[in-house]
Amino acid sequence: NINTCELVQDARGRWYACITVKEFPKTKCGTGQVGIDLGCKDSAVSSDGDVLTTKLTHQYAEKLAIAQRAKNKKRVKAIHAKIKNTRQDLIHKFTSKLVKANSLIVVGKIKSNSFTSSKLAKSVYDAGWFEIKRQLDYKCKHAGCHYIEVNEAYSTQTCSCCG
């Protein structure tokens with residue numbers, strides 16, 4: 001059953017129909033447990049060894065620079081859209097795989113705002129930490145698995161009592 005339908009125009013001037021439905025197939029979560037470490041070199045690394053690398057978007061940097069120097073606004077918009085879509089696709093595939101395989105997903109509570117005023121700003125924006133956490137949150141709610149954000153402080157130290 002169709003709930004709503006909206007016509008939306010993106011930055012490139014393309015039109016899309018966004019359709020929401022009342023009932024949709026529910027995905028099932030797996031039985032495993034995983035922790036995720038967010039970083040700049042690799043956007044996210046799971047405790048299972050899965051790695052999300054959004055550095056693939058750097059292949060468009062040279063073309064973007066050329067288009068910006070030539071003041072070709074249409075081409076600049078197209079390249080930015082390509083980078084955005086590539087990053088979104090990589091994050092969707094990574095988060096879907098995690099939700100399908102695990103019933104508990106734990107992510108470090110990192111605030112990207114504290115990193116954006118430093119030399120790491122471009123890397124932090126490219127990593128897409130907020131989008132990773134946002135997608136995990138809604139996919140876990142939809143699949144019925146648990147999603148927890150924990151404080152990363154002192155998480156790498158060994159407990160003196162229990163080891």
Side-chain angles (χ1 to χ4, degrees), residues 1-29 34-46 48-102 105-143 145 147 149 152:
N1 295 334
I2 295 177
N3 190 18
T4 62
C5 179
E6 288 183 60
L7 295 176
V8 180
Q9 186 178 19
D10 67 358
R12 296 168 72 180
R14 295 181 179 175
W15 287 89
Y16 297 94
C18 297
I19 300 170
T20 59
V21 292
K22 293 181 181 178
E23 295 177 21
F24 44 89
K26 190 166 182 151
T27 57
K28 295 181 180 178
C29 60
V34 71
I36 300 170
D37 182 34
L38 302 174
C40 289
K41 183 180 176 190
D42 296 318
S43 296
V45 178
S46 72
D48 295 341
D50 293 334
V51 177
L52 169 64
T53 305
T54 55
K55 297 287 184 190
L56 296 175
T57 58
H58 289 281
Q59 66 187 357
Y60 303 112
E62 190 175 333
K63 290 180 183 178
L64 180 61
I66 291 168
Q68 287 172 332
R69 282 193 301 270
K71 295 184 174 30
N72 188 347
K73 291 182 181 180
K74 188 175 181 182
R75 185 70 186 135
V76 169
K77 282 183 181 182
I79 295 170
H80 276 301
K82 182 73 172 170
I83 291 169
K84 176 188 166 204
N85 291 339
T86 303
R87 185 182 297 121
Q88 286 282 76
D89 182 57
L90 292 169
I91 293 173
H92 268 298
K93 288 176 180 175
F94 180 76
T95 54
S96 295
K97 182 179 177 184
L98 285 175
V99 170
K100 287 177 184 174
N102 300 292
I105 299 174
V106 181
V107 179
K109 192 181 289 185
I110 239 175
K111 294 194 177 188
S112 57
N113 294 345
S114 59
F115 293 99
T116 56
S117 60
S118 68
K119 292 180 180 179
L120 296 173
K122 187 173 185 320
S123 297
V124 170
Y125 286 129
D126 283 342
W129 294 340
F130 176 80
E131 185 63 18
I132 293 167
K133 292 192 285 187
R134 186 191 71 78
Q135 285 186 22
L136 281 172
D137 185 37
Y138 88 79
K139 288 179 182 183
C140 285
K141 282 179 185 172
H142 178 65
C145 57
Y147 170 74
E149 287 188 26
E152 287 190 342

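For the numbers below, each heavy atom of this structure counts, side chains included, while hydrogens, waters and symmetry mates do not. Numbers here are sequence positions counted from 1.
- Here E131 pairs with Q88, I91, R134, Q135 under the side chain to side chain contact (heavy atoms under 4.5 Å, CB included) rule; sequence neighbours left out.
- The shortest heavy-atom contact between C40 and W129 is SG-CZ2, 4.0 Å.
- Here the CG-OH distance, from D10 to Y16, works out to 4.5 Å after rounding to the nearest 0.5 Å.
- Scored by the side chain to side chain contact (heavy atoms under 4.5 Å, CB included) test, T20 finds N3, T4 as partners (sequence neighbours excluded).
- To the nearest 0.5 Å, atoms CG (L98) and OH (Y147) are separated by 11.0 Å.
- Take K28 and apply the salt bridge (Lys or Arg N to Asp or Glu O under 4.0 Å) test, not counting sequence neighbours, and it matches no residue.
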### Query
What's the verdict on side-chain contact (heavy atoms from CB on, under 4.5 Å) for D42 and L52, showing C-alpha distance, side-chain angles and the deciding distance?
CA-CA 6 Å; D42 296 318; L52 169 64; over 6 Å; no
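- Separation of atoms NZ (K139) and CG (D137) is listed at 12.0 Å; rounding is to 0.5 Å.
- Pairs of residues two or more places apart, or lying in two chains, never qualify as side chain to side chain donor-acceptor pair (under 3.5 Å) while including a residue from residues 60-82.
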### Task
Run the numbers on C145 and N102 for side-chain contact (heavy atoms from CB on, under 4.5 Å), then give the verdict.
CA-CA 7 Å; C145 57; N102 300 292; over 6 Å; no
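- Interatomic distance, CG of L64 versus NE2 of H58, reported as 12.0 Å (0.5 Å rounding).
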### Task
Could you give me the CA-CA distance, side-chain angles and deciding distance for V45 and I36, then say whether side-chain contact (heavy atoms from CB on, under 4.5 Å) is met?
CA-CA 6 Å; V45 178; I36 300 170; over 6 Å; no
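- N85 contributes atom CG, which lies 10.5 Å from atom CD1 of I83 (distance to the nearest 0.5 angstrom).
- K84 meets the salt bridge (Lys or Arg N to Asp or Glu O under 4.0 Å) test with no other residue; sequence neighbours excluded.
- In terms of heavy atoms, A81 sits closest to R12 at CB-CD, 3.2 Å.
- The minimum heavy-atom distance linking A44 with F94 is given by the pair CB-CE2, 3.8 Å.
- Rounding to the nearest 0.5 Å gives a distance of 8.5 Å between OG1 of T95 and CD1 of I132.
- Side-chain contact between V107 and L38 is present, with at least one heavy-atom pair separated by less than 4.5 Å.
- Listed by chain and residue number, K93 satisfy the salt bridge (Lys or Arg N to Asp or Glu O under 4.0 Å) test with D89 (two or more places apart in sequence, or in another chain).
- No side-chain donor-acceptor contact under 3.5 Å links D50 to the backbone of S46.
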### Message
T57 vs T86, test: side chain to side chain donor-acceptor pair (under 3.5 Å). Steps then yes/no.
### Response
CA-CA 7 Å; T57 58; T86 303; over 6 Å; no
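- Between V34 and the options V106, V99, I105, a side-chain contact (heavy atoms from CB on, under 4.5 Å) holds for only I105.
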